[in-house]
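Sequence lines set the chain letters: A, B, ... in the order given, protein chains first and strands last, and positions in each chain run from 1. Note that the structure is predicted; figures quoted are calculated from it, not measured.
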Protein chains: 2
Amino acid sequence: MADSSTSSTATSSHELDAPPWQRVESTLMSAASVIRQEYDKRFAELDLNLSQAMMLAYVAEFGAESQTRIADRLGVGRAAAGNIVDNLERRKLVERQPDPDDRRVWLVNVTAAGKELSDKVIEIDIVFRADLRKGISRAERQQLASLLLRIQENLN
Amino acid sequence: MADSSTSSTATSSHELDAPPWQRVESTLMSAASVIRQEYDKRFAELDLNLSQAMMLAYVAEFGAESQTRIADRLGVGRAAAGNIVDNLERRKLVERQPDPDDRRVWLVNVTAAGKELSDKVIEIDIVFRADLRKGISRAERQQLASLLLRIQENLN
DNA sequence: CGAAACATGTATGTCGCTATACAGTCTTTA
DNA sequence: TAAAGACTGTATAGCGACATACATGTTTCG
């Protein structure tokens, strides 16, 4: 579906005559959307979407942290983070433990089953990123990241 | 909110030790999200979100086209496009006209008020893109677009 | 100590999009 | 011409995210 707009953005190399929805900004958002969709698609075999997979991998790596901290790290709101934890907890992939030092807080930790699934998440991620980077050199990736960060910094 | 994850992605220049949610792909999606939010924010003064603004500008430029074609051009589904048209039509910014050649089709056209608002949309877009590009050369933008397209093409 | 200010996690409502199914309308083809 | 198929726009349900409001618990400081 997005491919039609995708191919039309190919004309944005000369920008003067390109309408707003065919410019670099649109290409950027379109690329992000395609990547997110493909992530979701590949994680579907694990019955996870991208948010759940990221949460699981994060918790598996960093262990018992509060939901608020996880939410900040993952760039979602606290409510969304709570929902994702609810879902993963229902499937026994993570578990909530009370924080001994602060009774408001739940510390989220990975279970054995969650750790196992997390390994598969990381594996899929590695394969996907390799696919994504085909034909793109390390230097180009670094410049891409640098440009993206500079664009973001222009918004503060 | 996304800024915390944003600043953490700044460490992704050396990728080997960076966890999955801090890599270039995340930087890309994060940048897209920030751009979308800022677009919404700037169009809010016109009581439009990004989708509505894009639709309005598109219709103002290309005139009477079917909803399906507009949906394809804008990269959304037909149902979503219909909803956006509903909204803009309620506010008398666009109007639906029957296609004389095909009774299934509504041709969407801009009204005088819509054309006027569309000019403001374009103006805001120009200012925003100038802000976004501060300190980024034309050559860099072209390379950015090229890299993004190559990444997208790797997914087909 | 005690009260105000703050932090955490949850519930609720809203928003925008997708996917699906549908009725109405062409278009193709036998 | 008739039947099969394809296309258009819409209704509906579902998902995932956000903002807001709230109850609960904690910290600060007079």
Can you see if the side chain of [X] gets near the phosphate of [N] - specifically, an N or O under 4.0 Å from OP1 or OP2?
X      : N      : result
B:Q67  : D:dT10 : yes
B:R103 : D:dT8  : no
A:S51  : D:dA17 : yes

Note, B:S146 side chain near B:Q142 side chain (heavy atom, < 4.5 Å): no

Check: A:I70 and A:I84 side chains under 4.5 Å, non-hydrogen atoms: no

Would you kindly give the [atom1]-to-[atom2] distance between [X] and [N], to the nearest whole Å?
X     : N      : atom1 : atom2 : answer
B:N83 : D:dA11 : CG    : P     : 9 Å
B:E89 : D:dG9  : CD    : C1'   : 13 Å
A:D72 : D:dA17 : CG    : P     : 15 Å
B:Q37 : C:dC15 : CD    : P     : 18 Å
A:N87 : D:dC15 : CG    : C1'   : 12 Å
A:R69 : C:dG9  : CZ    : P     : 13 Å
A:D40 : C:dA19 : CG    : P     : 11 Å
B:R78 : D:dT12 : CZ    : P     : 17 Å

Step-by-step salt bridge (charged side-chain N to carboxylate O under 4.0 Å, His left out) determination, A:R103 to A:D99: CA-CA 6 Å; A:R103 275 183 293 174; A:D99 184 334; over 6 Å; no

Quick one: label [X] by what it contacts on the DNA or RNA (base, sugar-phosphate, nothing), any heavy atom closer than 4.0 Å.
X     : answer
A:A79 : base
A:R96 : sugar-phosphate
A:N49 : sugar-phosphate

Residue closer to the 5' end of DNA chain D, A:R36 versus A:D101 (nearest nucleotide):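 In this pair, the answer is A:R36.
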
Results of salt bridge (charged side-chain N to carboxylate O under 4.0 Å, His left out) for B:E65 - residues two or more places apart only: B:R69

Among D:dC18, C:dT10, D:dG9, the one nearest A:V76 by side-chain distance: D:dC18

A:D102 side chain, from C-beta outward: closest of D:dT10, D:dC18, D:dT26: D:dT26

B:R42 bridged to B:E123 by N-O distance under 4.0 Å: no

Pairing of A:R133 and B:E25 as salt bridge, 4.0 angstrom limit: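 Yes, charged N to carboxylate O under 4.0 Å.
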
Footprint string (nucleotides 1-6 of chain D, 5' to 3'): B base within contact, S backbone only, - free, heavy atoms under 4.0 Å: ------

Between A:D125 and A:Y39, a side-chain donor and acceptor under 3.5 Å: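 Indeed, the side chains of A:D125 and A:Y39 share at least one donor-acceptor pair under 3.5 Å.
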
